[in-house]
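One structure below.
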2 protein chains.
Amino acid sequence: MIRYSEVKRILKSHNLRITDGRIDILEFILRANKTISIKDLEKEFKSLDRVTLYRTLTSFTENGLLHKIPDDSGHATYGLCHNTCDSKNHYHDHIHFKCNECGTIECLDQNVPAFKVPGYLVKATDVILKGVCKTCVIY
Amino acid sequence: MIRYSEVKRILKSHNLRITDGRIDILEFILRANKTISIKDLEKEFKSLDRVTLYRTLTSFTENGLLHKIPDDSGHATYGLCHNTCDSKNHYHDHIHFKCNECGTIECLDQNVPAFKVPGYLVKATDVILKGVCKTCVIY
DNA sequence: CTTTTTATGCAACAAATTTGCAAATATTAA
DNA sequence: TTAATATTTGCAAATTTGTTGCATAAAAAG
């Protein structure tokens with residue numbers, strides 16, 4: 001169970017102003033336990049303006065609460081950062097899985113390996129696996 | 001130097017009809033030697049309709065000439081496939097690098113490693129490194 | 001060179017995202 | 001606790017991105 005005080009604490013610790021909308025949105029994200037898109041939020045929060053949802057995702061991302069997951073579908077998807085992120089340091093060191101069947105994008109526990117490219121400065125790594133997820137796979 | 005006959009041969013070998021537009025576009029992509037976006041094409045080919053550019057990217061991708069690279073910017077980016085791709089078999093087994101300075105996305109020679117996730121069926125893997133590219137990096 | 005197939009341009013549409021601005025709300029400082 | 005300041009929200013409107021239908025033009029096949 002996620003408590004109101006905990007949600008507030010998380011917002012505060014990321015230097016985000018505490019508003020009713022943000023509390024509800026963050027609680028929803030925490031509870032969802034999967035990556036979310038603007039569509040998910042629009043479906044869930046009919047009372048909040050679309051623009052506000054976009055801006056919330058942006059500020060959450062800027063302040064290290066969420067990370068944007070690259071996708072070739074043209075729909076931005078966001079996942080929760082691990083506790084270590086803030087506006088200065090943005091690690092999202094886990095890999096992602098996109099299911100071709102249900103479309104869900106999950107954050108997996110597996111960490112990304114280190115890549116070294118001579119002459120390049122690597123600051124972040126995104127790994128997106130595609131295929132059939134645990135829920136959709138048929139043996 | 002890329003010759004007209006070579007460009008035609010490549011189109012033909014991917015079962016793509018040869019048109020003036022496609023020759024110009026493919027030549028541009030081959031010459032660019034980096035990944036391209038619809039924006040790049042719009043800038044370069046003012047005489048071609050936007051819809052045609054979209055459709056060209058789609059058919060090039062469907063026929064294994066290009067691959068779509070996931071990106072979190074909301075702008076689809078495409079890279080040349082290695083010679084081995086066709087409409088049936090689509091391998092793009094190399095990793096990508098996106099430069100935070102110049103925005104360019106490059107295909108690197110390095111191959112993606114194999115990821116195994118218990119319970120999941122992995123069919124494709126995308127790796128996008130982010131940082132500062134060879135051209136922009138300052139020592 | 002005629003037929004068949006496919007690509008192109010145009011107009012219109014649809015979806016996704018951004019911007020400016022005034023009003024409302026949250027935080028800070030007194 | 002209140003007044004001043006800073007930020008967020010909602011609304012309307014614009015922009016950007018991508019798609020669809022259809023007539024015409026062009027390419028490939030016979």
Side-chain angles (χ1 to χ4, degrees), chain A residues 4-5 7-28 35-63 65-66 68-78 87 103 105, chain B residues 4-5 7-29 35-66 68-78 87 103 105:
Chain A
Y4 174 71
S5 57
V7 177
K8 262 176 76 166
R9 194 193 57 72
I10 296 174
L11 286 173
K12 196 165 278 177
S13 74
H14 285 87
N15 283 312
L16 288 159
R17 273 168 120 103
I18 292 159
T19 68
D20 292 355
R22 286 180 176 181
I23 290 171
D24 288 344
I25 292 169
L26 180 51
E27 198 194 0
F28 172 71
T35 65
I36 53 133
S37 66
I38 191 78
K39 273 280 173 65
D40 296 324
L41 294 185
E42 281 183 48
K43 227 176 285 172
E44 185 71 19
F45 298 102
K46 303 239 198 283
S47 65
L48 292 174
D49 194 88
R50 237 185 29 255
V51 177
T52 302
L53 299 177
Y54 275 104
R55 290 199 268 229
T56 304
L57 284 175
T58 303
S59 52
F60 279 17
T61 302
E62 281 172 356
N63 291 37
L65 200 47
L66 297 178
K68 204 169 182 177
I69 302 162
D71 185 28
D72 53 22
S73 77
H75 305 279
T77 310
Y78 295 80
S87 47
I105 301 178
Chain B
Y4 173 72
S5 57
V7 177
K8 262 175 77 165
R9 195 194 56 72
I10 295 173
L11 286 173
K12 196 165 279 180
S13 73
H14 285 87
N15 282 311
L16 287 160
R17 274 169 118 104
I18 292 159
T19 69
D20 292 356
R22 286 181 176 181
I23 290 172
D24 288 345
I25 292 169
L26 180 52
E27 198 194 0
F28 172 72
I29 296 172
T35 65
I36 52 132
S37 66
I38 191 79
K39 272 281 173 62
D40 296 324
L41 294 185
E42 281 183 46
K43 227 176 285 173
E44 185 71 20
F45 298 102
K46 303 237 198 282
S47 65
L48 293 174
D49 194 89
R50 225 159 39 90
V51 177
T52 302
L53 299 177
Y54 275 104
R55 288 198 268 229
T56 304
L57 285 175
T58 302
S59 52
F60 279 17
T61 302
E62 281 172 357
N63 290 37
L65 201 47
L66 297 178
K68 204 170 181 177
I69 303 163
D71 185 29
D72 52 23
S73 75
H75 307 279
T77 310
Y78 295 80
S87 48
I105 300 177

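Residue numbers begin at 1 in each chain, while the letters A, B, ... track the order of the sequences.
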Figure out the [atom1]/[atom2] separation between [X] and [N], and round it to whole Å.
X       : N      : atom1 : atom2 : answer
A/Leu16 : D/dA6  : CG    : P     : 19 Å
A/His75 : C/dA14 : NE2   : P     : 16 Å
A/Phe45 : D/dT8  : CZ    : C1'   : 16 Å
B/Asp49 : D/dG18 : CG    : P     : 15 Å
A/Arg55 : C/dT25 : CZ    : C1'   : 14 Å
A/Ile38 : C/dA16 : CD1   : P     : 10 Å
A/Leu11 : D/dT7  : CG    : P     : 16 Å
B/Tyr54 : C/dA15 : OH    : P     : 16 Å

Under 3.5 Å, is there a donor-acceptor pair between the side chain of [X] and the main chain of [Y]?
X       : Y        : result
A/Thr35 : A/Ile105 : yes
B/Asp40 : B/Ser37  : yes
B/Ser59 : B/Leu57  : no
A/Arg50 : A/Glu42  : no
A/Asn63 : A/His14  : yes

key: Minimum-distance nucleotide to B/Val51 side chain [options: C/dA11, D/dT9, D/dC11]   =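 Nearest nucleotide to the side chain: C/dA11.
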Under 4.0 Å from OP1 or OP2 of [N]: is there any side-chain N or O of [X] that close?
X       : N      : value
A/Thr19 : D/dT9  : yes
B/Lys12 : D/dA28 : no
B/Lys39 : D/dT16 : no
A/Arg22 : D/dT8  : yes

query = For the base of D/dT17, is there a side-chain donor-acceptor partner from B/Arg50 under 3.5 Å away?
reply =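 For B/Arg50, whose side chain was compared with the base of D/dT17, there is no donor-acceptor pair (under 3.5 Å).
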query = Any N or O donor-acceptor pair linking the side chain of B/Arg17 to the base of D/dA27 at under 3.5 Å?
reply =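 In this structure, the two groups form a donor-acceptor pair.
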